Amino acid sequence: MKDNNFEPKLLGIFCNWCTYLAADLAGVSRMDYPANLRIVRTMCSGRIDPQFILWAFRNGADGVLIGGCHPGDCHYIEGNYKTLRRYKFLKRILKEMGINEKRLRLEWISASEGEKLQRVVKEFVEEIKKLGPISNDDAFKKVLTSTKGGKK
Amino acid sequence: MSKKPKIALYWCASCGGCEEAVVDLAEDILQVVEKAEIVFWPVAMDFKRKDVENLKDGEILVSFINGAVRTSEQEEMVKLLRKKSKIVIAFGSCAYTGGIPGLANSYSKEEIMNYYYKEGITVFNPEDKKPTPQYIEKNLSFEIPEFYERVYALDQVIDVDYYIPGCAPTRNVVKNSIFTLFSGNLPPKGSVLGASSKALCNECPLNDTKPEKITLKEFKRIDKNQPEKDKCLLIQGFACLGPVTRGGCEALCVKASYPCTGCFGPLDGIEDYGAKALSFLASLIDSKDEGEIENIINEWMPNPLGIVYKYSLPKSLIFETKNKKNGG
Ligand code: SF4
Ligand code: SF4
Ligand code: SF4
């Protein structure tokens with residue numbers, strides 16, 4: 001199923017102290033990036049419960065971008081390292097579940113890196129466009145093709 | 001006609017352990033039988049589907065259903081029991097969260113069929129026969145239940161009133177929940193019966209040895225290492241899931257020197273047990289280096305999915321059917 005007009009729905013979950021400010025900076029500096037990304041702000045990337053990410057995928061996000069402070073710069077000292085560990089672990093699980101692990105991306109983007117944010121979002125949109133909608137992934141095929149069983 | 005409340009017991013995709021748990025009630029089961037009339041229990045007594053069909057709607061007070069739902073027969077039976085029962089209880093991990101059979105959701109139906117009817121090393125099937133719902137042989141046609149694309153937890157198929165956790169539920173949990181039901185003092189719909197609302201660590205005899213903060217450079221596998229006695233398994237490097245698992249089993253496994261694998265399921269308010277478990281395990285890893293983190297995860301875990309979702313893959317956010325949310 002190749003759909004050239006496919007516009008992915010992407011969720012960004014950004015840390016209040018760095019990546020969220022970078023997005024702000026990109027905005028006020030008029031650096032445009034694709035409108036596919038919707039942003040949610042958390043106080044720290046370490047607050048991102050893997051449940052949030054799975055919930056986003058299940059509710060139709062084609063990709064999730066986590067933005068946190070560079071290593072060593074976390075406002076709460078070590079939150080971003082926890083994010084990194086969870087991210088690595090979750091990627092393994094996604095793969096085994098049948099979700100393309102590229103749909104989850106982690107980037108360290110500081111408050112001054114508006115340009116990096118712009119580049120990352122553009123890249124991510126391109127990448128997910130190539131993958132197509134998440135409903136193409138095996139995990140969702142398994143759920144969606146089971147039309148008979150399981151209906152109340 | 002007896003005035004005693006009627007109860008039914010049924011199994012779907014089950015290993016039999018849950019039925020065994022009921023039998024394990026031993027003399028306590030007599031108290032149940034005294035209080036109730038068993039109208040359907042195919043594993044132990046000779047009942048037929050017709051016996052259930054002949055009952056009035058809502059005539060059964062409680063149906064205890066164990067096992068996950070994988071076939072059309074199971075779907076039909078649980079729907080029938082739902083119609084005939086006032087209260088339906090998902091009994092054990094398989095019915096509650098999909099259980100061990102639910103791990104099959106990481107394979108497609110085709111992969112499973114191929115393995116069991118073709119590729120498995122002990123399979124001899126030169127004619128390449130596979131089960132189909134309609135089987136025709138010499139002008140005779142048979143119907144066998146359809147094997148669905150995936151495994152479902154009970155509440156993904158019918159409305160469920162209460163849950164009894166455990167693989168299998170322990171004797172005390174079964175007893176407590178049955179007495180709760182017969183007391184008439186019913187908790188809110190959707191409650192987990194007979195277990196605790198606190199994490200397993202709370203009732204673990206080794207909890208005193210568990211420090212506030214634990215960090216680990218490696219995880220040990222229980223099949224390759226012998227745990228020290230009387231010391232929290234988690235600080236020894238075994239991935240004990242006690243901190244994220246509902247208590248109520250009295251730390252059965254830990255007392256036998258085996259780390260908790262999470263069969264009592266999530267604590268209240270957690271939607272996805274596996275995501276919570278992986279979040280907890282990942283945060284213990286003592287490394288800031290990407291490569292090292294990857295190594296720790298890969299070396300330790302040939303199958304991380306089977307560790308965090310051992311009992312709940314069908315109820316994970318990814319496999320949760322959408323029709324439920326949409327009221328379908
Ligand atoms: S919950 Fe455990 S004991 Fe019960 S049927 Fe499932 S696998 Fe067997
Ligand atoms: S052994 Fe497991 S259940 Fe017991 S205190 Fe340690 S982590 Fe908790
Ligand atoms: S220790 Fe964990 S796995 Fe063992 S019975 Fe209790 S809840 Fe289940």
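Here the structure is a predicted model, which is why all the values come from computation and not from measurement. Convention: sequence-line order gives letters A, B, ...; per-chain numbering from 1.
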pair Ser283(B)-Arg86(A): side-chain heavy atoms closer than 4.5 Å: yes
Atom group of Ser108(B) that falls short of 4.5 Å from chain A, counting heavy atoms: both
Ordered numerically, the heavy-atom neighbours of chain B under 4.5 Å found in residues 87-101 of chain A are Lys88(A), Phe89(A), Leu90(A), Arg92(A), Ile93(A), Glu96(A), Met97(A), Ile99(A)
Less than 4.5 Å to any heavy atom of chain A: does that hold for the side chain of Asn105(B), its backbone, both, or neither? backbone
Looking only at heavy atoms, which two atoms of Gln51(A) and Glu271(B) are closest? And how far apart? OE1-N, 2.9 Å
I'd like to know which of Ile296(B), Ile297(B), Thr71(B), Leu278(B) tops the heavy-atom pair count under 4.5 Å against chain A. Leu278(B)
Around atom NZ of Lys220(B), are there more than 12 heavy atoms from other residues, nucleotides or ligands closer than 6.0 Å? yes
Taking atom CD of Gln134(B) as the centre, does the number of heavy atoms from other residues, nucleotides or ligands within less than 6.0 Å exceed 12? yes
I need the Asp272(B) CG to Ile53(A) CD1 distance, nearest 0.5 Å. 11.5 Å
Evaluate the criterion side chain to side chain contact (heavy atoms under 4.5 Å, CB included) for residue pair Glu290(B) and Arg85(A); output intermediate values, then yes/no. CA-CA 8 Å; Glu290(B) 254 185 72; Arg85(A) 294 168 201 145; over 6 Å; no
Around atom NZ of Lys109(B), are there more than 12 heavy atoms from other residues, nucleotides or ligands closer than 6.0 Å? yes
Relative to chain A, which segment of Ile293(B) carries a heavy atom at a distance below 4.5 Å: side chain, backbone, both, or neither? side chain
Pro50(A) and Ala275(B): which non-hydrogen atoms are nearest, and at how many Å? CG-O, 3.7 Å
Under a 4.5 Å cutoff for heavy-atom pairs, which residue among Ser72(B), Ala153(B), Ser287(B) has the most contacts with chain A? Ser287(B)
State, to 0.1 Å, how close Trp55(A) and Leu317(B) come at their nearest heavy-atom pair, and which atoms those are. N-CD1, 3.5 Å
Is it the case that more than 12 heavy atoms not belonging to Lys9(A) sit under 6.0 Å from its NZ atom? no
Just to be sure I understand the criterion: a residue of residues 305-313 of chain B counts if one of its heavy atoms is under 4.5 Å from a heavy atom of chain A. Which ones qualify? Leu305(B), Val308(B), Tyr309(B), Leu313(B)
Is it the side chain or the backbone of Ser316(B) that comes within 4.5 Å of chain A heavy atoms, both, or neither? side chain
Step through the shown structure and confirm whether more than 12 heavy atoms of other residues, nucleotides or ligands are within 6.0 Å of CD1 on Ile77(A). no
Give, for atom CG of Asp138(A) and atom OH of Tyr107(B), the distance between the pair rounded to the nearest 0.5 Å. 13.0 Å
